[in-house]
Undergrad: 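My structure is below; once you've seen it, I'll send some questions.
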Amino acid sequence: MLILAIKKLFLTIERIDSFKSNDNGNIMKLRFTLFTIITGFILLGCSSTEIIKTVNISELEYPDDLIVVKRNDWGWVPFDRIVPQHKINKITIHHGGEYFAEDKDMIQYLRNLQSWSRREKKWSDNPYHFMIDLKGNIYEARPINIPGDTNTDYDVTGHALICVVGNYEEQKIKEVQLNSLAKLTAFLKQKYNVSYNDIKTHRDYTETLCPGKDLYKYFEDGSFLKMVESIVSSGDCQHKTIVKTGIEVLRERNFDILKNKRVGLVTNPTGVDRNLKSTVDILFEAEGVNLTALYGPEHGVRGNYTAGEHVDFYIDETTKLPVYSLYGKTRKPNTDMLKDVDVLVFDIQDIGSRSYTYISTMGMVMEAAAENNKEVVVLDRPNPLGGNRIEGNLVEDGYFSFVSQFAIPYVHGLTVGELAKMLNEEGMLPSKVKCKLTVIPMEGWTRDMYFEQTGLPWVLTSPHIPHRYSPFYYAASGIIGELRGVLSIGVGYTLPFQTFATEWINSEQLANKMNSYNLEGVIFRPISYKPYYGFGKDKMLNGVETYITDYSKVNLITTQFYFAQAINELYGRNIITENEGRFDMFDKVLGTSRIRELFMQRLKVEDILPYLNIDIDSFRKLSKKYYFYN
């Protein structure tokens, strides 16, 4: 409309120029007036465009159990000007700073606060993003993507501001308010990948009494963060979390890095998208992707081989593609196996423990690719143990094997993509070879996230890792489980890696002894069962079932050594020496003989802790260089 009006005015000027009149002075005045009008239109048009421009407001979707009153439901007035935006990386708690009566109308309070903020303070909106009333009701205030405001001198850019109404220098915070605050904080923490270290209060940034002593005490003693951690660990705030795996990200990119190349795929049944479609089929059907060969690790491409069973070459029935075994006569692709590929794609769900052989296969694939001038693409997936946990010593010379292929801790805290990058850049592959590596990172995953929080389906990674929580139990019992012929760890029964049992144990005694150690994040109950196969088949075994109650606190590796300590204290038996024939494998899994040697001196866990922990800090510093995720 503005452009059309201007065109008409210019036509009017042209007509004026065509007039034949002796009153040249009046014509000049008229031309000047019209020119002024045009200029005004242009300036007004530019100005009005800025005024009426729509502000992009981030609308949040909340979990079903987090009830939030939307801003439009209390009569929020939209912006009348352009405002800056920001990205959340902190959560900061305030109180209102004024006494709030029980019968005060919260809706009217929100409306008045918005009006006062704009009229008196010249702020764009309410200073806070969320407000919580005396009954624990949560209200949206300022849109989350617009920086808040404060009367004090700290920069609120990047902060999600939550205000609990009231003055907690005088009033007492209610349990219902604290619970709502914790649930909202947990939701925002997960939504925006905020570190626990960045969940603070107003007074942590500047000199102020806010949020008041009765609220601040929960931050001061750490109990509020524990509430948040508990909610996050339970997954209650996470059902809407969507993590995209590497294959899903690559598909959104239309498989750009695979176009016009012959593709070999290293995968197994865990290589699926969220709809459980196999990466084999995704790449086989993708337009412009030439899938020419498949490579199977332990258990095979389709998962139809048991642990330790050698796999031979075969043709995949669905795609009719050749399937080369990487767990048979050779564990590293040879030149003949790579002759029809330009790039090797690795897509396998790992479980975060060094002895689980999929990462060993990945390393050998990278080594072969370097030697044969092939590219490697790793499609990243979550570490089910999270990205912060590191346990155990590095592998030492003389103890490298397929179950301890690299000089990394037993629990390494890396995704397969991060590990691949570190192996490549740090010269950890044999002969320090280096391949041409590309990692396709996930979207939405964070280091403090466990698998149940990802929104992804769990496909059993091997027959005895059937559940999304199984990787924790594998790390807690799998080392001592190498002493086959001595005890059952639940393999062969319905609780793989979740028990410690044998015929001669008194279940009640053992449970009481294990629980007497007061180990953080884990408890034990008595159990008796008959395995269907493996150690103790058809015999009644007695022992304990392990229950991990807090992922963030439990120490996994030491759990199994406390079992060995308890056996010695109860029965005077050294269960490790009862199968000396397995010492070699036991030591290889641990990456050293020193742990066994130190432990066997007194059969006390405290004797091995310094050695188990000796490399953790240095490895964390090294591995951080290769993090893709916060």
Side-chain angles (χ1 to χ4, degrees), residues 307 353 355 463-467 469-549 554-583 585-587 589-590 595-609 612:
S353 290
S355 62
H464 297 133
I465 307 293
H467 308 295
Y469 53 79
S470 298
F472 285 91
Y473 293 93
Y474 175 90
S477 68
I479 296 171
I480 206 165
E482 291 296 338
L483 301 174
R484 298 169 190 173
V486 174
L487 79 159
S488 167
I489 55 172
V491 172
Y493 188 58
T494 57
L495 298 167
F497 298 104
Q498 293 177 242
T499 72
F500 300 106
T502 191
E503 290 181 85
W504 43 266
I505 288 174
N506 181 301
S507 298
E508 293 286 344
Q509 281 184 341
L510 181 60
N512 290 336
K513 174 60 73 173
M514 294 291 286
N515 287 324
S516 74
Y517 297 139
N518 294 315
L519 305 180
E520 285 194 301
V522 61
I523 56 176
F524 305 88
R525 81 169 185 94
I527 190 172
S528 297
Y529 61 93
K530 287 184 178 181
Y532 301 109
Y533 56 89
F535 175 83
K537 180 180 182 296
D538 297 329
K539 296 179 181 180
M540 183 59 70
L541 306 184
N542 309 301
V544 292
E545 180 182 356
T546 304
Y547 280 82
I548 295 176
T549 59
V554 63
N555 188 287
L556 300 173
I557 293 178
T558 57
T559 301
Q560 52 215 305
F561 286 96
Y562 276 107
F563 162 72
Q565 177 177 320
I567 292 299
N568 178 62
E569 292 175 355
L570 288 171
Y571 307 111
R573 298 176 68 156
N574 183 342
I575 199 165
I576 295 177
T577 62
E578 294 186 14
N579 194 349
E580 293 187 17
R582 295 290 296 183
F583 278 4
M585 195 62 179
F586 187 80
D587 293 344
V589 168
L590 279 167
I595 300 296
R596 176 177 53 81
E597 292 162 356
L598 287 168
F599 185 71
M600 287 172 61
Q601 291 175 15
R602 295 193 314 139
L603 296 173
K604 296 289 186 182
V605 174
E606 63 189 45
D607 294 342
I608 64 174
L609 292 179
L612 279 174

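Numbers here are sequence positions counted from 1.
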Undergrad: So, the side chain of Ser470 versus the backbone of Ile465: is there a donor-acceptor pair under 3.5 Å, distance only?
TA: no

Undergrad: For Glu503 and Asn542, which heavy atoms make the closest approach, and how far apart are they?
TA: O-ND2, 3.3 Å

Undergrad: Kindly indicate whether a cation-pi arrangement holds for Arg596 with Phe583, taking the cut-offs as under 6.0 Å to the six-membered ring centre and within 45° of the axis.
TA: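 Cation-pi check for Arg596 and Phe583: passes.
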
Undergrad: List the atom of Ser507, the atom of Gly543, and the distance in Å for their closest heavy-atom pair.
TA: OG-N, 3.1 Å

Undergrad: Would you indicate whether the side-chain heavy atoms of Thr559 and Phe472 approach each other to under 4.5 Å?
TA: no

Undergrad: Specify whether His464 and Phe497 have parallel, tilted or perpendicular ring planes, treating 30° as the upper limit for parallel and 60° as the lower limit for perpendicular.
TA: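 Ring orientation of His464 relative to Phe497: perpendicular.
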
Undergrad: Can you tell me if Tyr529 and Thr494 form a side-chain donor-acceptor pair at under 3.5 Å?
TA: no

Undergrad: Can you find a pair of side-chain heavy atoms, one from Ile523 and one from Asn515, that are under 4.5 Å apart?
TA: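 Sidechains of Asn515 and Ile523: in contact.
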
Undergrad: Report the C-alpha separation of Tyr532 and Tyr493 in whole Å, then their side-chain angles, then the decisive distance to 0.1 Å, and conclude whether the ring pair (Phe, Tyr, Trp, His ring centres under 6.0 Å) test is met.
TA: CA-CA 6 Å; Tyr532 301 109; Tyr493 188 58; 5.8 Å; yes

Undergrad: Heavy atoms, side chains only, cut-off 4.5 Å: are Ile576 and Leu483 in contact?
TA: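 Yes, side chains in contact.
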
Undergrad: For the atom pair CD1 (Ile557) and CG (Leu590), what is the distance rounded to the nearest 0.5 Å?
TA: 7.5 Å

Undergrad: Are any non-hydrogen side-chain atoms of Phe563 and Leu510 less than 4.5 angstrom apart?
TA: yes

Undergrad: Identify the two heavy atoms, one from Leu603 and one from Gln565, that lie closest to each other, and give their separation to 0.1 Å.
TA: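 Answer, listing the atom of Leu603 first, then Gln565: O-CG, 3.3 Å.
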
Undergrad: Kindly assign one of parallel, tilted or perpendicular to the pair Tyr571 and Trp504, based on the angle between their ring planes and the thresholds 30° and 60°.
TA: perpendicular

Undergrad: Could you tell me which non-hydrogen atom of Pro531 sits nearest to which non-hydrogen atom of Gly536, and how far apart they are?
TA: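 Residues Pro531 and Gly536, closest heavy atoms: CD-O, 3.2 Å.
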
Undergrad: Measure the acute angle between the ring planes of Tyr473 and Tyr469, then classify it against the limits of 30° and 60° as parallel, tilted or perpendicular.
TA: perpendicular

